[in-house]
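What follows is a single structure, written as structure tokens, with notes after it.
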Amino acid sequence: MEENRKITSTSSLEMVAVENLDAIRLNLLQLANKAAALAYAPYSNFRVGAAVILEDGQTFWANNQENICFPVGVCAERILLGYTHANFPDLKPEILLITAKTPDNSSSDTVTPCGLCRQSISEYERKFNSPIEILMNRPDGTLLRAYGIQNLLPFQFDDLNK
Ligand code: THU
């Protein structure tokens, strides 16, 4: 029998040490950390902060907002990208950094965007036709960097006519 043809996708993430971050990215890390500390996460206790820089250099941040009806809660990334796109629909988000705090708020926890947030990031990349750099903070003094959502969401749904 003939073998099925394979369609492959390669994803790659880069590991970056905090001490190697430039001023722009270090500032995003600080903003995201502050946002994480203010997260409203009484049910999961998992506090997430996200910070973004738009193409004109403006920075914004947000955090997760939970609800007693659990599915109503919204992740930090979608709150942030929804807000910036609502207010600055013509400005491309350049770099998105996310971080999370342990339940006692004392140190960082590992976080990567959930599936819904990956889909949301892919929407804004498509709108601006340009990849977003996604930085994911980790507790060991490094961050994971994805140049474009393709590295986190291969084979994405991006065409209603497919
Ligand atoms: N959460 C985020 O805000 N962003 C992510 O990328 C992962 C998950 C939130 C959702 C929920 O409030 C809590 O973290 C636990 O899942």
Side-chain angles (χ1 to χ4, degrees), residues 9-18 21 24-54 58-88 91-128 130-158:
S9 164
T10 29
S11 301
S12 69
L13 300 177
E14 196 184 330
M15 267 167 69
V16 190
V18 173
L21 289 179
I24 287 177
R25 289 164 181 81
L26 194 59
N27 182 46
L28 289 178
L29 178 59
Q30 285 159 356
L31 295 174
N33 274 330
K34 268 200 240 171
L38 295 173
Y40 181 60
Y43 305 105
S44 74
N45 257 327
F46 190 72
R47 279 179 271 273
V48 182
V52 71
I53 183 163
L54 305 183
Q58 289 188 87
T59 52
F60 296 93
W61 54 92
N63 47 36
N64 52 332
Q65 296 292 316
E66 296 188 347
N67 191 283
I68 193 164
C69 178
F70 297 172
V72 176
V74 185
C75 293
E77 298 92 313
R78 274 174 296 137
I79 291 190
L80 180 58
L81 293 175
Y83 175 82
T84 54
H85 194 250
N87 288 282
F88 307 100
L91 295 181
K92 179 165 72 86
E94 297 270 12
I95 308 169
L96 173 69
L97 187 149
I98 61 175
T99 188
K101 297 272 177 206
T102 50
D104 65 0
N105 231 349
S106 65
S107 64
S108 294
D109 218 334
T110 301
V111 63
T112 60
C114 79
L116 290 177
C117 290
R118 292 176 196 210
Q119 184 66 29
S120 172
I121 294 166
S122 83
E123 185 68 29
Y124 299 115
E125 277 197 357
R126 201 169 50 263
K127 178 183 166 183
F128 292 101
S130 173
I132 298 173
E133 177 182 334
I134 303 147
L135 286 163
M136 297 154 275
N137 193 32
R138 306 205 300 173
D140 64 356
T142 66
L143 297 95
L144 293 177
R145 168 159 42 208
Y147 277 113
I149 197 65
Q150 168 65 26
N151 291 296
L152 293 173
L153 190 64
F155 304 116
Q156 59 195 255
F157 174 56
D158 59 3

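Note that ligands are numbered from 1 as they come in the structure, with each ligand's atoms numbered from 1 the same way.
Thr110 is listed as a side-chain neighbour of Pro139, based on a closest heavy-atom distance under 4.5 Å. Residues Leu116 and Arg78 are in side-chain contact: their nearest non-hydrogen atoms beyond the backbone lie under 4.5 Å apart.
By the 4.0 Å heavy-atom criterion, Thr112 is counted among the residues contacting ligand 1. The shortest heavy-atom distance from Pro113 to ligand 1 is under 4.0 Å.
Looking only at atom types and distance, the side chain of Gln150 has a donor-acceptor partner in the side chain of Ser9 under 3.5 Å away. Residues Asn63 and Gln65 bring a donor and an acceptor atom of their side chains to less than 3.5 Å of each other.
Protein heavy atoms are absent from the space less than 4.0 angstrom from atom 16 (O) of ligand 1.
Shown in contact with Ser44 at under 4.0 Å from a heavy atom are these atoms of ligand 1, numbered in order with element: 13 (C), 15 (C). Annotation for ligand 1: atoms under 4.0 Å from non-hydrogen atoms of Cys75 are 1 (N), 2 (C), 3 (O), 4 (N), 8 (C), 10 (C). Contact atoms of ligand 1 toward Cys114: 6 (O) (distance under 4.0 Å to a heavy atom of the residue). Numbered from 1 in the order shown, with element, the atoms of ligand 1 that lie under 4.0 Å from a heavy atom of Glu77 read 2 (C), 3 (O), 4 (N), 5 (C), 6 (O). Close approach of ligand 1 to Glu66 (heavy-atom distance below 4.0 Å) involves ligand atoms 11 (C), 12 (O), 13 (C).
By the 4.0 Å N-to-carboxylate-O rule, Lys92 lies close enough to Glu94 to be salt-bridged with it. Ion pairing between a basic and an acidic side chain is recognised when a charged N comes within 4.0 Å of a carboxylate O; Glu77 and Arg118 show no such pairing.
When hydrogens are left out, the protein atom nearest atom 3 (O) of ligand 1 is Ala76 N, 2.9 Å; that is the closest non-hydrogen contact. When hydrogens are left out, the protein atom nearest atom 9 (C) of ligand 1 is Asn64 ND2, 3.4 Å; that is the closest non-hydrogen contact.
Below 30°, between 30° and 60°, or above 60°: for His85 and Tyr124 the angle between ring planes is between 30° and 60°, a tilted geometry.
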